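For clarity, every value in this text was computed on a predicted model and none was experimentally measured. Numbering starts at 1 and runs along the sequence shown.
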Amino acid sequence: MLKIQNFSKSYGMNRSPQKLKGTGSKELPKGQDVVSGVHNKKAVDNLSLNIAGGEIYGFIGHNGAGKTTTIKACCGILQFDEGDITVDGVSVRENPFEVKKRLTYIPDNPDIYEFMSAIKYLNFIADVYGISKEDREKDIAHYAELFEIEEHLAEPINAYSHGMKQKLVIISALIHKPRLMLLDEPFVGLDPKAAHTLKRLMRELCDSGGAIFFSTHVLEVAEKLCDKIAIIKDGKLVVSGTTAEVRGNTSLETVFLELQD
């Protein structure tokens, strides 16, 4: 479903060394920008993962480890330096538009059109994906009831709480029935009932042949929910495998803390 092959991404200026003004022959250190003085940073370094259909794959790491960079590259909104990423055999680098039709992406801090009402926003998303009137009405009603916002669909989004906005984004991601879900900290802001609903929907999508790749800091959720887990540190893959293999005879929290140290 999702294959990440030798993926690398750097931030900063990839310029050859340049002379500093007024310093004669003195050159900037390799990788340093003549204007800002900022060095290149390799956010992700030669990462390879394979997320198969039917799998919920957890992606774990400290802040700044490279999780969000990887997920953004997978959905085609962030260019990268080396390697390739494919969805159903379609290259993100070569055909990002086709890839985006097969997946959905929920960032950790979604930007949505808050001047719209919730129902207008959902209809806008449905229009983008060409969803029929009958299908969208049925699915919007179904998911709005599951996440308990059906009575608030006519309200403007800017009146929503953070948790309600998160529910709305989840609904907008589900109504076009994606085969692959890419989620960045999806449980942040959700109340316990909504989090339980999302976990059930994630499992249902995978049971029907879809796949999910998501980052989380909630290790207990990852341990119970994920079929496989990858741990990344400073942009490099530290360990990956089934949850049982990664956890071993201890807890995922213990393994994670040991690897970070």
Looking only at heavy atoms, what is the nearest atom pair of F7 and I4, with distance? CB-CG2, 3.5 Å
Identify, with sequence neighbours excluded, every residue that meets side-chain hydrogen bond (donor to acceptor under 3.5 Å, both in side chains) alongside K167. D191
Are the side chains of K67 and I232 in touch, meaning some heavy atoms are under 4.5 Å apart? yes
CZ of F115: more than 12 outside heavy atoms within 6.0 angstrom? yes
Apply side-chain hydrogen bond (donor to acceptor under 3.5 Å, both in side chains) to K100 and list each qualifying residue two or more places apart in sequence or on a separate chain. none
Atom of V169, atom of S172 and distance for their closest heavy-atom approach: O-OG, 2.7 Å
Any salt bridge linking K177 with D139? Criterion: basic side-chain nitrogen under 4.0 Å from a carboxylate oxygen. yes
Test side-chain contact (heavy atoms from CB on, under 4.5 Å) applied to V188 and Q166, step by step: CA-CA 8 Å; V188 173; Q166 186 74 354; 5.7 Å; no
If we ignore hydrogens and angles and just use 3.5 Å, is the side chain of R93 paired with the main-chain N or O of G83 as donor and acceptor? yes
Any chance you could measure L190, atom CG, to T197, atom OG1, to the nearest 0.5 Å? 9.0 Å
Please report the shortest heavy-atom distance between I140 and I175, naming the atom on each side. CG1-CG2, 4.2 Å
Is there a side-chain contact between N123 and R136, using heavy atoms and a 4.5 Å cut-off? yes
Do L103 and R179 have side chains that get closer than 4.5 Å, going by heavy atoms? no
Output all residues satisfying ring pair (Phe, Tyr, Trp, His ring centres under 6.0 Å) with F59, sequence neighbours left out; order by chain, then residue number. F213
Can you list the residues that meet the salt bridge (charged side-chain N to carboxylate O under 4.0 Å, His left out) rule with E253, with sequence neighbours excluded? none
Atom NZ of residue position K3 - does it have more than 12 heavy atoms of other residues, nucleotides or ligands inside 6.0 Å? no
Work out which heavy atom in T243 is nearest to a heavy atom in C226; give both atom names and the distance. OG1-O, 2.6 Å
Excluding sequence neighbours, so at least two apart, what forms salt bridge (charged side-chain N to carboxylate O under 4.0 Å, His left out) with K42? D45
Return the set of residues passing side-chain hydrogen bond (donor to acceptor under 3.5 Å, both in side chains) with D207 (not counting sequence neighbours), or none when no residue passes. none
Closest non-hydrogen atom pair between C74 and L182, with its separation: CB-CD1, 3.8 Å
For Q79, look at atom CD and say whether over 12 heavy atoms of other residues, nucleotides or ligands are found less than 6.0 Å away. no
Using ring pair (Phe, Tyr, Trp, His ring centres under 6.0 Å) as the criterion, list what pairs up with F147, not counting sequence neighbours. none
Closest non-hydrogen atoms of R203 and I56, given as atom of the first, atom of the second and distance, are NH2-CD1, 3.5 Å
With the side chain counted from C-beta on, respond yes when H176 and T104 share a heavy-atom pair under 4.5 Å apart, and no when they do not. yes
Measuring from atom CG of L201 to atom CG of L146, what distance do you get when rounded to the nearest 0.5 angstrom? 6.0 Å
Among residues at least two apart in sequence or on other chains, which ones pass side-chain hydrogen bond (donor to acceptor under 3.5 Å, both in side chains) with D84? S91
Partners meeting salt bridge (charged side-chain N to carboxylate O under 4.0 Å, His left out) with E204 (sequence neighbours left out): R200
More than 12 heavy atoms of other residues, nucleotides or ligands under 6.0 Å from NE2 of H196: yes or no? no
Check side chain to side chain contact (heavy atoms under 4.5 Å, CB included) between D234 and all other residues, then give those that pass, not counting sequence neighbours. H62
Under the side-chain contact (heavy atoms from CB on, under 4.5 Å) rule, what do L49 and T70 come out as? Steps first, then yes or no, please. CA-CA 11 Å; L49 290 172; T70 300; 5.9 Å; no
Below 4.5 Å, heavy atoms only, C-beta onward: do M181 and F214 meet side chain to side chain? no
What residues form a ring pair (Phe, Tyr, Trp, His ring centres under 6.0 Å) with H152, not counting sequence neighbours? none
For S10, is there any backbone N or O sitting under 3.5 Å from a side-chain donor or acceptor partner on D81? yes
Any side-chain donor-acceptor pair under 3.5 Å between S8 and N46? no
Y11 ring centre to K9 NZ or CZ under 6.0 Å, with the angle to the axis within 45°? yes
The complete set of side-chain hydrogen bond (donor to acceptor under 3.5 Å, both in side chains) pairs with one or both residues in residues 107-117, sequence neighbours excluded, reads E114-K165
Does this structure show an ion pair linking K224 with E220, if we count only N-O contacts that are shorter than 4.0 Å? no
With side-chain contact (heavy atoms from CB on, under 4.5 Å) as the test, would you mind laying out the steps for Y57 and L2 before giving the verdict? CA-CA 10 Å; Y57 210 123; L2 172 64; over 6 Å; no
Quick one, L183 and M202 - any side-chain contact, counting heavy atoms below 4.5 Å? yes
Take T216 and L225 through the side-chain contact (heavy atoms from CB on, under 4.5 Å) test and state the conclusion after the steps. CA-CA 11 Å; T216 182; L225 182 62; over 6 Å; no
Measuring from L219:CG to R247:CZ, what's the distance to the nearest 0.5 Å? 12.5 Å
